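Because the structure is a prediction, the values reported are computed rather than measured.
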Amino acid sequence: QVQLVESGGGLVQAGGSLRLSCARSGRTFSSRLMGWFRQAPGKEREFVAAITWRDASTYYGESVKGRFTISRDNTKNTMYLQIDRLIPEDTAVYYCASSPLSVVTNREYEFDIWGQGTQVTVSS
């Protein structure tokens, strides 16, 4: 089993930046694809971005292209989400997730391991 722990959320003013982290541990060989999702109050969970662990191929949701950057550090077994030019609409709980797939996807059901989430709140 893979374990995922997110960190880095908080309260930020609009226009600011945040970097979220997702540390993975356990049977990481089955975690070939990692992704970020978010869920705003009263809304369904939304795909944000995904990255393949082997070659760092990336895929972004349309609503975050240009402001969000996903990356991973093999040596630290950690995935990151850099969020720039934050807007109030970015307020949500951000979840990292793991999938055994080796190609990028935005399909939530393909991710079988989830972290507990980290809250991001953007004030206007």
Peer 1: Would you confirm whether Arg85, through its side chain, and Gly66, through its main-chain N or O, come within 3.5 Å as a donor-acceptor pair?
Peer 2: yes
Peer 1: Check Arg38 against Ser63 and note the closest heavy-atom contact, atom names and distance.
Peer 2: NH2-OG, 3.7 Å
Peer 1: Transitively linked via ILVMFWY side-chain contacts under 4.5 Å: Leu18 with Phe68?
Peer 2: yes
Peer 1: What distance do Asn77 atom CG and Met34 atom CE have between them, rounded to the nearest 0.5 Å?
Peer 2: 8.5 Å
Peer 1: Side chains of Tyr59 and Ile70: closer than 4.5 Å at any heavy-atom pair?
Peer 2: no
Peer 1: Of all the heavy-atom pairs spanning Val12 and Leu86, show the shortest one and how long it is.
Peer 2: CG1-CD1, 3.8 Å
Peer 1: Do you know the tightest heavy-atom contact between Ser30 and Val2?
Peer 2: OG-CG2, 3.6 Å
Peer 1: Rounded to the nearest 0.5 Å, what's the gap from CD on Gln82 to OG on Ser21? Could you check?
Peer 2: 10.0 Å
Peer 1: Under the side chain to side chain contact (heavy atoms under 4.5 Å, CB included) rule, what do Ser98 and Arg24 come out as? Steps first, then yes or no, please.
Peer 2: CA-CA 9 Å; Ser98 169; Arg24 66 176 199 172; 5.9 Å; no
Peer 1: Determine whether Asp90 and Arg67 make a side-chain contact, defined as any pair of heavy atoms from C-beta on separated by less than 4.5 Å.
Peer 2: yes
Peer 1: Hey, is the main chain of Cys22 close enough, under 3.5 Å, to the side chain of Glu6 for a donor-acceptor pair?
Peer 2: no
Peer 1: Do Thr91 and Gln119 pass the side chain to side chain contact (heavy atoms under 4.5 Å, CB included) test, and can you show the C-alpha distance, the side-chain angles, and the key distance before you say yes or no?
Peer 2: CA-CA 8 Å; Thr91 295; Gln119 176 72 46; 4.1 Å; yes
Peer 1: For a quick test of reading the model, state the closest non-hydrogen atom pair linking Arg107 to Thr105 and the distance between them.
Peer 2: N-OG1, 3.1 Å
Peer 1: Mind checking the CZ-CG spacing from Arg32 to Leu101? Nearest 0.5 Å is all I need.
Peer 2: 9.0 Å
Peer 1: Kindly say whether Glu110 contributes a backbone atom to a donor-acceptor pair with the side chain of Ser99 at under 3.5 angstrom?
Peer 2: yes
Peer 1: So for atom CD, which belongs to Gln116, do other residues, nucleotides or ligands contribute more than 12 heavy atoms lying within a distance under 6.0 Å?
Peer 2: yes
Peer 1: Tell me the closest heavy-atom pair linking Val104 and Ser57, and the distance in Å.
Peer 2: CG1-O, 3.5 Å
Peer 1: Could you tell me the separation between the CG atom of Leu20 and the CD1 atom of Ile83, rounded to the nearest 0.5 Å?
Peer 2: 4.5 Å
Peer 1: Measure across Ala14 and Ser124 and return the closest heavy-atom pair with its distance rounded to 0.1 Å.
Peer 2: CB-CA, 4.3 Å
Peer 1: Are Tyr80 and Tyr60 connected in the hydrophobic side-chain network, where two residues link if heavy atoms are under 4.5 Å apart?
Peer 2: no
Peer 1: Evaluate Trp36 against Ile51 for side chain to side chain contact (heavy atoms under 4.5 Å, CB included), listing each step before the verdict.
Peer 2: CA-CA 9 Å; Trp36 289 99; Ile51 186 167; over 6 Å; no
Peer 1: Report the distance from atom OH of Tyr95 to atom CD of Gln39, rounding to the nearest 0.5 Å.
Peer 2: 5.5 Å
Peer 1: Using 30° and 60° as the class limits, which term best fits the ring planes of Phe37 and Trp114: parallel, tilted or perpendicular?
Peer 2: tilted
Peer 1: To the closest 0.5 Å, what do you measure between OG (Ser25) and CG (Leu4)?
Peer 2: 7.5 Å
Peer 1: If two hydrophobic side chains count as joined below 4.5 Å and joins carry through other members, does Val48 share a cluster with Leu33?
Peer 2: no
